[in-house]
Amino acid sequence: MARSAVLNVMVQAATRAARSVARDFGEVENLQVSVKGPGDFVSAADRRADRILVEALGRGRPKYGFLTGESGEIKGSDPAHRWIVDSVGGTDNFLHGIPLFAISLALERDGELVAGVIFSPVLNELYVAERGVGAFLNDRRLRVAARRELGSAVIAIGANDLSHPDHPLLGSRNGGIIDETAGLRVSGCTALDLAWIASGRYDGFWRSGVSPWEVAAGMVIVREAGGLVSDASGRQKIFDSGTIVAGGAPIHARIVAGLASARATV
């Protein structure tokens with residue numbers, strides 16, 4: 001595919017950071033780790049990759065601001081543009097030597113997400129999308145799965161949602177749908193969950209407690225692959241609510257309806 005100038009900046013930044021991350025992954029047992037919060041670890045590799053991404057993106061577009069999982073918000077002189085960056089999505093996987101982690105970059109213009117890149121260095125999978133252009137995996141165009149029935153669908157959820165025994169996606173007590181599906185998956189990496197929705201590997205995805213940098217790139221990629229992305233109520237308040245539902249239209253609708261049914265019974 002022919003990439004725009006801004007997408008080239010993003011891919012080059014992700015590729016550069018990936019070299020550092022891949023080296024650190026090979027030395028995962030020697031990483032210095034500090035605690036950011038309960039169950040939320042940040043490694044020296046994560047911080048190093050964040051610095052590389054901020055530097056590379058800043059060099060390519062020096063006026064743009066940033067929102068990153070490590071550095072927080074960095075104001076730019078161009079208020080219309082902001083990079084949203086997750087230097088190592090799936091940090092817990094990374095620290096335990098599990099190769100399901102990814103670098104995730106998105107560009108926001110006037111409050112709208114317009115481009116996204118997700119790169120899995122171990123799997124060597126580069127997902128890119130730009131609004132109105134389409135979504136691609138290693139230059140192959142992507143489309144979400146066409147499955148319409150839950151009986152043939154594989155649904156992914158966030159690991160934090162497993163702590164809710166009455167969750168509507170985990171059982172039938174509140175109109176749950178998991179019992180009707182072909183299977184449930186928990187990868188531990190939200191960026192890859194969304195990328196795999198776009199590629200048709202997963203049919204639907206739900207997670208609560210998400211941060212903008214975890215989902216921004218994936219939101220662009222899923223939408224450009226023909227999928228739907230919303231919050232748990234079916235609205236476009238993902239960053240505000242901290243919830244996300246993604247998938248092909250029929251499965252997305254079924255998940256949103258299941259969540260609504262659960263809320264009605266509380």
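Going from atom CZ of Arg131 over to atom CG of Leu107 covers 10.0 Å, rounded to the nearest 0.5 Å. Separation of atoms OG1 (Thr68) and CG (Asp50) is listed at 4.0 Å; rounding is to 0.5 Å. The CG atom of Leu53 lies 9.0 Å from the CZ atom of Arg16; values are rounded to the nearest 0.5 Å. Going from atom OG of Ser230 over to atom CG of Leu259 covers 9.0 Å, rounded to the nearest 0.5 Å. Here the CZ-CD1 distance, from Arg223 to Ile197, works out to 13.5 Å after rounding to the nearest 0.5 Å.
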Requested in this report: Assess whether salt bridge (Lys or Arg N to Asp or Glu O under 4.0 Å) is satisfied between Arg51 and Glu70, documenting all intermediate values.
Outcome: CA-CA 9 Å; Arg51 289 194 298 269; Glu70 294 304 318; over 6 Å; no

Query raised in the report: Does the ring pair (Phe, Tyr, Trp, His ring centres under 6.0 Å) test come out yes or no for Phe136 and Tyr127, once each step is laid out?
Result: CA-CA 6 Å; Phe136 299 83; Tyr127 297 83; over 10 Å; no

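Note on Arg82 versus Glu108: salt bridge recorded, some NZ/NE/NH1/NH2 to OD/OE distance being below 4.0 Å. Salt-bridge formation is detected for the pair Arg3/Asp139: a Lys NZ or Arg NE/NH1/NH2 atom is positioned less than 4.0 Å from an Asp or Glu carboxylate oxygen. Between Lys75 and Glu73 a salt bridge is recorded (basic side-chain N to carboxylate O distance below 4.0 Å).
A donor atom on one side chain and an acceptor atom on the other are not found under 3.5 Å apart for Asp231 and Thr243. Using a 3.5 Å distance cut-off with no hydrogens or angles, the side chains of Arg207 and Thr190 do pair a donor with an acceptor.
The shortest heavy-atom contact between Ile84 and Trp213 is CG2-CA, 3.5 Å. Glu130 approaches Ser4 most closely through the heavy-atom pair OE1-OG, 2.8 Å. For the residue pair Val154 and Ala182, the shortest heavy atom distance occurs at CG2-CB, 4.4 Å.
Residue-environment remark: CD (Gln236) exceeds the threshold of 12 foreign heavy atoms within 6.0 Å. The environment of CZ in Arg148 is sparse: at most 12 heavy-atom neighbours from other residues, nucleotides or ligands sit within 6.0 Å.
Under a 3.5 Å cut-off, the side chain of Asp193 and the backbone N or O of Gly218 do not form any donor-acceptor pair. The backbone N or O of Gly248 lies less than 3.5 Å from no partner atom in the side chain of His252, so there is not a single donor-acceptor pair. Under a 3.5 Å cut-off, the side chain of Glu224 and the backbone N or O of Ala135 do not form any donor-acceptor pair.
The aromatic rings of His81 and Tyr64 lie parallel to each other, with less than 30° between the two planes, well short of the 60° mark.
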